[in-house]
Amino acid sequence: MDSRPAPLPRATPWRSLPCPRAELRLDLVLSGGQTFRWSETNPGYWTGVLAGRVWTLTQSEEHLWYTLHEEEKEEDRREEDILSEPPLKKGRRHQQLDTSRAGLSGHSGREQIRGVDGLEPSQILRDYFQLHISLAALYQGWSYTDAHFRNVAVKFPGVRVLRQDPVECLFSFICTSNNHLSRITNMIQHLCQAFGRRLCQLDTKTYHAFPSLQAMAGADAEARLRELGFGYRARFVSESARAVLKTLGGAAGLQHLRTVPYEQARHALCTLPGVGAKVADCVCLMALDKAEAVPVDTHIWQVAKRYYGQELGMGARSVTERVHREIGNFFRSLWGPYAGWAQAVLFCADLRKYESPDSDAKSQCAKLTKGSPSILT
DNA sequence: ACCTAACCTATAGC
DNA sequence: AGCTATAGGTTAG
């Protein structure tokens, strides 16, 4: 029997869901490049923002444990925190907070659809981690048809695809273009701090809701994002926020894409500035219930060349539209309707390989990849 | 239809 | 210590 973790200050008592480790590995899922909003605040304990609340999660062999942190009241905020926020005129500050609130209840499009606000915490977690999907059964199927997957799966169990908020997922992945994981995480933290409603502070870290579309579409949003170091992505973020509001029906319209076919959702997303095939597939897979979407980035391209080059038989120099399509179709034929989920396992494994503290492993990998004459050419 | 450079910036690697 | 290449890509030609 699993024992309850020690209670945290100003947080609800720990509660748990049945969830074996083979079905979920918090570390691999929460820091594996799907989401950029969780951090390991203590060994084995993950803290982050989900559905507008601050959570800490941990797991034992058979359970997923969770606690919710108390949201601080406005008057609890110390003046220095307020002043340390991005340069905003005082009058505007309140306006911005209000906008964020409006945005949250603008998520209310979503609340009306799915009643997220009314949901039990356990239900929110079941939804976020998609626990109704049996990952073990999927792994079994992929391992049966794919020897390379079988090898990877042994070392990387419990990698499941999150069901994220479409707005958060879309704008997070707009930030990932031509970028590093560490920088992406920083940028998104800055984005939330500057444009999102503040929720609470734990130790020295403050937690903010993901910004509303309205906040990101604001008149000075692009300039402020540039100051935060977003580079050319600043325009993508603000322009896309405006485009979603104007032509895709806002947060509710984005959410509605969950009910339309993959190709249609993908096409709609690709109309947004800063959204190409790869980002669209990420959002389709991780927020819009398109389990067949296979995001093809440089990692997956390397993996495809290295381990599936024979079957693919192609020698392009970069990930062009054609390469993207061919790799996606190949993996869908190999793995079936949940191909995107299998891709997430290989991606996560590849990421770990490179992020491993053992730098020898990393350079070995680099040498291997570079040194081996491409199977494709 | 398909492929190349330029693009902001931080950081690892020489 | 400085410089270059590259990083979960998109866009304009």
Side-chain angles (χ1 to χ4, degrees), chain A residues 28-37 159 161-162 164 169-191 221-240 243 266-267 269-287 293-306 314-329 331 340 343-367 369-370 376-377:
Chain A
L28 300 181
V29 170
L30 297 182
S31 70
Q34 289 192 54
T35 171
F36 310 93
R37 296 274 277 151
V159 180
V161 170
L162 294 171
Q164 302 185 54
C169 189
L170 170 61
F171 288 88
S172 295
F173 279 94
I174 285 177
C175 297
T176 65
S177 79
N178 199 15
N179 214 345
H180 292 94
L181 189 55
S182 62
R183 187 179 168 213
I184 296 165
T185 308
N186 269 325
M187 281 169 54
I188 290 171
Q189 190 185 318
H190 284 304
L191 173 70
E222 179 178 341
R224 288 171 62 201
L225 288 168
R226 278 194 178 273
E227 284 175 28
L228 293 176
F230 275 58
Y232 58 82
R233 301 170 200 83
R235 187 175 59 81
F236 290 164
V237 169
S238 70
E239 294 288 306
S240 277
R266 191 178 195 271
H267 178 79
L269 291 172
C270 283
T271 64
L272 300 169
V275 180
K278 192 269 179 181
V279 170
D281 276 334
C282 284
V283 179
C284 280
L285 175 64
M286 301 175 201
V294 179
V296 178
D297 55 27
T298 127
H299 282 259
I300 289 301
W301 185 52
Q302 297 299 331
V303 169
K305 279 198 298 189
R306 176 117 177 66
M314 27 161 279
R317 281 255 294 106
S318 60
V319 184
T320 62
E321 189 64 34
R322 184 173 63 82
V323 171
H324 195 124
R325 194 178 54 247
E326 285 179 4
I327 293 181
N329 286 337
F331 281 137
Q343 174 273 354
V345 178
L346 293 197
F347 177 84
C348 182
D350 201 62
L351 192 65
R352 288 291 149 143
K353 191 168 71 185
Y354 286 92
E355 303 243 313
S356 158
D358 178 6
S359 63
D360 272 355
K362 175 173 176 174
S363 43
Q364 290 268 347
C365 288
K367 278 172 196 161
T369 322
K370 278 189 178 171
L376 307 181
T377 48

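Chain A is the first sequence line, chain B the second, and so forth, proteins listed ahead of strands; every chain is numbered from 1.
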- Query: Under 4.0 Å: is that the gap between some side-chain N or O of A/Arg183 and OP1 or OP2 of B/dT11?
  - Reply: no
- Task: For B/dC3, take OP1 and OP2 only and decide whether either is under 4.0 Å from a side-chain N or O of A/Thr320.
- Result: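 Answer is yes, contact under 4.0 Å.
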- Item | A/Phe36/A/Phe173 aromatic ring centres below 6.0 Å | yes
Within the 4.0 Å heavy-atom criterion, would you say [X] contacts the bases, only the backbone, or no part of the nucleic acid?
X	result
A/Arg235	nothing
A/Pro295	nothing
A/Leu272	sugar-phosphate

Checking contacts here: which listed nucleotide ([options]) is nearest the side-chain heavy atoms of [X]?
X	options	value
A/Tyr232	B/dT4, B/dC8, B/dT11	B/dC8
A/His180	C/dG9, C/dA7, B/dT4	C/dA7
A/Asn178	B/dC8, C/dT6, C/dT10	B/dC8
A/Val279	C/dG9, B/dT4, B/dC8	C/dG9
A/Asp297	C/dG9, B/dC2, B/dT4	C/dG9

- Task: Without swapping roles, check the side chain of A/Gln34 against the backbone of A/Leu162 for a donor-acceptor pair under 3.5 Å.
- Result: yes
- Item | Nearest-nucleotide 5' precedence on DNA chain C, A/Gly274 against A/Met286 | A/Met286
- Query: Taking all atoms of both residues into account, what is the closest heavy-atom pair of A/His324 and A/Asp281, and its distance?
  - Reply: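 Closest pair (atom of A/His324, atom of A/Asp281, distance): NE2-OD2, 2.9 Å.
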- Task: Give a yes or no on whether a donor-acceptor pair under 3.5 Å exists between the nucleobase atoms of B/dC8, that is its base, and the side chain of A/Arg233.
- Result: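 Pair found.
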- Query: Do the charged groups of A/Arg322 and A/Glu326 touch, with an N to O distance under 4.0 Å?
  - Reply: yes
- For B/dC8, the nucleotide meeting Watson-Crick or G-U wobble distances (both under 3.5 Å) is none
- Message: Applying the Watson-Crick and G-U wobble criteria at under 3.5 Å, what pairs with B/dA1? Answer none if nothing qualifies.
- Response: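 B/dA1 is unpaired by these criteria.
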